[in-house]
Amino acid sequence: MKTVWVLTLVLHCALSENSEVVDPGSPVVAVAGSDVVLPCSVRRSAGQSSLSAVDMNINWTRPDLGDALVHLYANHRDVNTRQIPQYRGRTAVFTEELQNGNVSLRLTDIKLLDEGDYKCRVDSKFWKDEVTINLRVEVIGERPVISVEKYDSNSEQFSLLCESKGWRPQPDLQLLNSKGENQTAGDPEIQRRADLFNVKRRFTVHKNHIDTFYCRATLGEHKEEKEIKPIVFYDLLPMPTGAKVAIGFAVAVIIVLILAGIVYFKYKERKEKEELKRVMRALGTPEEEQPDDSSVMTTLLNHLRNVPLLILRKRLRRLLKSRSGVVLCGKGLTEKSFAVLASALSSQNSKLTELDLSQNTLRNSEVKKLCEGLRSPNCKLQKLSLIDCSFTKETCADLASILSLKNSTLRELDLSKNDLWNSGVKELSEGLKSPDCKLERLGLSECRLTEESCADLASVLMVKNSPLRKLDLSENKLQDSGVKKLCDGLRSENCKLETLNLSDCRLTEESCADLASALMVKNSPLRKLDLSYNTLRDSGVKELCDGLRSENCKLETLKLSSCSITDEGCAELVTALRSNPSYLTELDLDMNPLGASGVEQLIELKDNPGYKLKKLR
Ligand SMILES: *[C@@H]1O[C@H](CO)[C@@H](O)[C@H](O)[C@H]1NC(C)=O
Ligand SMILES: *[C@@H]1O[C@H](CO)[C@@H](O)[C@H](O)[C@H]1NC(C)=O
Ligand SMILES: *[C@@H]1O[C@H](CO)[C@@H](O)[C@H](O)[C@H]1NC(C)=O
C-alpha cells in the first residue's frame with residue numbers, strides 16, 4: 001500500500017514538473033467562412049518529446065468573454081452542454097491526434113464574431129497548464145468595381161472610380177493598366193461600416209491613353225480584380241454635314257412634293273446604311289470585312305457585343321432598336337444611359353425583347369432606373385442578361401419584384417458572375433415563387449452560393465405550375481449537402497426542370513445518390529445534367545447508374561467530364577445503359593483517366609443499333 005502511494009507521488013512530481021502546454025507564439029489569421037485550426041499541444045518540458053493527452057481534460061474558453069466555454073473535452077468525450085451558442089456545431093478536437101499530445105481545436109465556418117483570445121487549458125491528474133492564442137479574422141468582401149464616373153469634354157479626360165466594399169482589414173486598392181503597371185491614383189477614401197472597410201480611389205486618363213484598366217484589391221494572399229476598357233465615345237463624333245444638308249433638303253421637298261418624299265426615304269435608307277458602315281469603321285473593322293448592305297445590321301450588332309464603352313448617338317440608338325428588338329450595351333454605361341433604356345422599355349410601342357447589360361456596374365440607383373422600365377405594362381422584354389454586373393443582394397429584391405408582376409414577360413434571366421451570396425438568392429426566390437412569375441431560364445453560375453441557396457431554390461421548384469425549365473448553378477460551392485436539399489425540389493411532382501448544370505460545385509459520390517433518386521421519380525422531367533469537374537469517382541458513377549437504370553429516367557444528355565472516372569465506372573455506365581431502354585443521346589466523359597478497355601466498351605455501345613447514343617466524348 002505504502003509503495004503504491006510513494007510511486008504515485010514520484011510519478012506526480014515527475015509529470016508535473018516536466019510537462020507543459022506549448023505556446024504557439026504568433027496569432028492565427030483566418031478568412032471568414034473558412035475553417036481554422038487553433039494550435040495547441042502538450043509536451044514534456046525537457047526536449048520536444050510529445051506526451052499523450054488521451055486521458056487529459058481539454059478546456060477551450062474565451063478569456064475576453066469572461067471565460068465563456070468554446071469546447072470542453074473531458075473524460076474522453078466532448079461535453080458541450082455549456083458551450084456558448086455562437087460555437088454550436090462548429091468546434092472539434094482531433095481525437096486521433098490526442099495520443100500525440102495535439103489538443104488543437106478545429107473551428108469551422110469562421111465568423112467575424114470569432115475574433116479574439118482563446119485559452120487552451122489542459123488538466124491531467126497531476127498538473128495543469130494553459131496558453132492563450134489570438135485569432136484574427138479577415139473578411140474578403142465584394143469583388144472590386146471599376147466604373148467611368150464622368151467624361152470631361154474640355155480636358156478630354158475620363159474620370160474612373162475604383163471601389164471595394166466589405167473587406168477587413170483595409171485592403172490595398174490599386175489601379176493597373178493592361179501591362180500591369182501601377183497608375184497614379186488619388187489617395188484612398190476610407191469608410192468604415194460596422195467592422196468592415198469600403199475603399200474608393202479615383203484616377204483620370206486622357207482619351208488618347210485609353211487602355212484596359214484593372215481595379216485590384218489585395219489583402220495578404222487574397223486578390224480580387226475587375227477590369228474596364230472605355231473606348232468609343234460616339235456622342236463626340238460630329239454628325240456628317242452631308243446628312244444634315246440632305247435632311248433639310250428632304251424636309252423641304254416633302255412639304256412641296258409627295259413624290260420627292262419617296263425619293264427622300266430611299267435616300268435616308270441609304271444614309272442609314274452608310275452611317276452603320278461608318279460606325280463599323282470607327283469601331284475598327286477592317287475594310288475587307290465590311291459587309292454588304294443587306295447584312296450590315298447583323299454584323300454591326302455582333303461587333304457591338306465586344307465594344308466596352310459605347311454611348312451611341314440617339315439617332316443610331318433608335319435605328320438599332322427599331323430594326324432588331326435587341327439592344328446590346330457595352331461596359332461603363334452611366335446612370336443617364338439607364339434612364340434612356342428605361343424610357344425605351346416603357347415606350348408605347350417598345351419592340352425591345354432582349355437586353356444585354358453584362359459587365360456594366362449596376363449600383364442600386366441604376367437598377368432602380370432600369371426597373372422603372374421593366375415595370376411598365378408596355379415592356380415586352382423576354383431576355384435580360386446581367387452577367388458580371390457587380391450587383392448585390394439588395395438589387396435582387398428589386399428584380400424579384402419584377403418577376404412577380406402580373407404581366408411579367410421575362411422568360412430568361414442571367415445573373416452569373418455576381419456576388420449574390422445566399423441572401424441574394426433568398427430575395428430572388430420570393431419573386432420566383434410568385435404565381436405570376438414566368439421565368440423559364442435562370443443563370444446563377446459563379447454567384448458565391450452555398451447549401452443555403454439550394455434550400456431556397458428547391459422551394460421554388462416545388463411551387464405548383466413552376467415554369468422553371470433550366471437552371472445553371474455551376475461554379476458555386478454547393479457541396480453534397482446543397483445538392484441534397486436541391487434534390488428535395490427535383491423530386492417534387494411540381495418540378496418541371498429539364499436542364500440542370502452543377503459543374504464544378506465540389507460534389508462527391510454522396511450527391512450522386514441523391515441525384516439518382518431524383519432521376520427515379522415518376523415522370524422525371526430532367527433531360528440534361530452536367531456534373532463535370534466534380535470528384536465523383538467510380539463510386540459516384542455507380543450510384544448515378546441506379547438512376548439511369550430506372551424506367552422513369554428520361555435523361556438525354558449527361559456530362560461527366562473531369563470526374564475522376566476510370567474503367568470501373570465506365571463499365572458500370574455501360575451495363576446501366578444496356579439494361580434499360582436508355583434515352584441518353586449524349587455522353588461526355590472527357591478528361592477522365594479511362595483505359596483502353598473502357599473506351600472500347602463505350603464505342604461498342606455507341607455502335608450498337610439498339611441504343612440511341614449519338615454523341616460521345
Ligand atoms: C494537430 O492535428 C491537426 C489535424 O491532423 C493538424 O492540422 C494540426 O496541425 C496539428 N497541430 C499540431 C500543433 O501539431
Ligand atoms: C474551464 O476553464 C475555465 C476558465 O479557465 C473555468 O472557469 C472552468 O471551470 C473550466 N471548466 C472545466 C470543466 O474545467
Ligand atoms: C504598385 O504599388 C503597390 C503599393 O501601392 C505595390 O505594393 C505594388 O508592388 C506595385 N506594383 C507594381 C507592379 O509596381
Side-chain angles (χ1 to χ4, degrees), residues 354 382-387 403 410-417 420 425 428-429 432-433 437-447 449 453-454 456-463 465-476 478 482-505 507 511-512 514-534 536 540 544 547-548 550 552-563 573 577 582-590 612-617:
E354 265 187 65
Q382 295 185 2
K383 182 175 172 182
L384 180 59
S385 299
L386 297 171
I387 302 169
L403 292 174
L410 213 58
R411 298 282 186 275
E412 203 172 334
L413 180 61
D414 199 339
L415 301 175
S416 298
K417 296 195 188 192
L420 303 185
V425 169
L428 205 62
S429 60
L432 291 166
K433 274 189 269 191
C437 173
K438 307 198 184 54
L439 204 73
E440 292 169 5
R441 293 160 168 245
L442 179 61
L444 294 173
S445 171
E446 232 184 290
C447 288
L449 312 183
S453 293
C454 292
D456 288 317
L457 289 169
S459 71
V460 169
L461 294 174
M462 287 188 232
V463 167
N465 295 329
S466 155
L468 209 60
R469 297 288 182 270
K470 186 173 174 181
L471 182 60
D472 184 354
L473 293 173
S474 56
E475 297 186 56
N476 288 298
L478 305 182
V483 168
K484 187 170 218 75
K485 292 196 171 148
L486 196 66
C487 284
D488 290 342
L490 292 174
R491 279 189 297 257
S492 151
E493 59 180 0
N494 291 319
C495 171
K496 305 274 168 358
L497 201 72
E498 292 168 4
T499 304
L500 178 61
N501 189 343
L502 293 173
S503 69
D504 200 2
C505 288
L507 311 182
S511 292
C512 294
D514 288 312
L515 287 166
S517 75
L519 291 172
M520 286 190 248
V521 295
K522 207 166 163 188
N523 297 329
S524 159
L526 216 56
R527 298 290 179 268
K528 287 186 176 178
L529 182 60
D530 191 344
L531 295 173
S532 305
Y533 300 97
N534 289 299
L536 306 181
L544 206 60
L548 289 175
S550 153
N552 291 320
C553 169
K554 307 260 166 25
L555 205 67
E556 292 166 5
T557 302
L558 179 60
K559 298 198 170 177
L560 294 171
S561 82
S562 193
C563 289
L573 267 173
L577 295 182
S582 168
Y583 293 81
L584 211 65
T585 55
E586 192 180 336
L587 179 63
D588 186 353
L589 287 169
D590 206 18
K612 304 198 181 62
L613 203 62
K614 290 196 183 67
K615 234 170 125 184
L616 179 66
R617 282 182 63 145

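Just so you know, residue 1 is the first one in the sequence shown, and it goes up from there. Bear in mind the structure is a predicted one, so any value in this text is a computation, not a measurement.
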What distance do [X] atom [atom1] and [Y] atom [atom2] have between them, rounded to the nearest 0.5 Å?
| X | Y | atom1 | atom2 | value |
| --- | --- | --- | --- | --- |
| Lys417 | Glu475 | NZ | CD | 7.5 Å |
| Leu587 | Leu560 | CG | CG | 6.5 Å |
| Thr557 | Glu586 | OG1 | CD | 4.5 Å |
| Asn494 | Met462 | CG | CE | 9.5 Å |
| Cys454 | Lys484 | SG | NZ | 12.5 Å |
| Ser445 | Asn476 | OG | CG | 6.5 Å |

Criterion side chain to side chain contact (heavy atoms under 4.5 Å, CB included) against Leu502, the qualifying member of Leu471, Asp472, Val483: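 Answer after filtering Leu471, Asp472, Val483: Val483.
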Sole candidate of Leu531, Leu526, Leu536, Leu486 that passes side chain to side chain contact (heavy atoms under 4.5 Å, CB included) when paired with Leu515: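 Testing Leu515 for a side chain to side chain contact (heavy atoms under 4.5 Å, CB included) against Leu531, Leu526, Leu536, Leu486 leaves exactly one candidate, Leu531.
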If only atom types and distance count, is the side chain of [X] paired as donor or acceptor with the main-chain N or O of [Y] below 3.5 Å?
| X | Y | answer |
| --- | --- | --- |
| Ser474 | Ser503 | no |
| Thr499 | Lys528 | no |
| Asp414 | Ile387 | no |

Close side-chain approach of Leu573 and Leu548, heavy atoms under 4.5 Å: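 A side-chain contact exists here, since the closest heavy-atom pair is under 4.5 Å.
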If you look at every heavy atom in [X] and [Y], which pair is closest and at what distance?
| X | Y | value |
| --- | --- | --- |
| Cys495 | Gly489 | CB-O, 3.3 Å |
| Ser429 | Asp456 | OG-CB, 3.8 Å |
| Lys383 | Leu410 | N-CD1, 4.2 Å |

Criterion side-chain contact (heavy atoms from CB on, under 4.5 Å) on Leu403 and Leu432, from CA distance to verdict: CA-CA 7 Å; Leu403 292 174; Leu432 291 166; 3.9 Å; yes
Listed partners of Ser561 passing side chain to side chain contact (heavy atoms under 4.5 Å, CB included), at least two apart: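 Only Ser532, Tyr533, Asp588, Asp590, Met591 meet the side chain to side chain contact (heavy atoms under 4.5 Å, CB included) criterion with Ser561.
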Trace of the side-chain contact (heavy atoms from CB on, under 4.5 Å) decision for Lys496 with Arg469: CA-CA 6 Å; Lys496 305 274 168 358; Arg469 297 288 182 270; 3.0 Å; yes
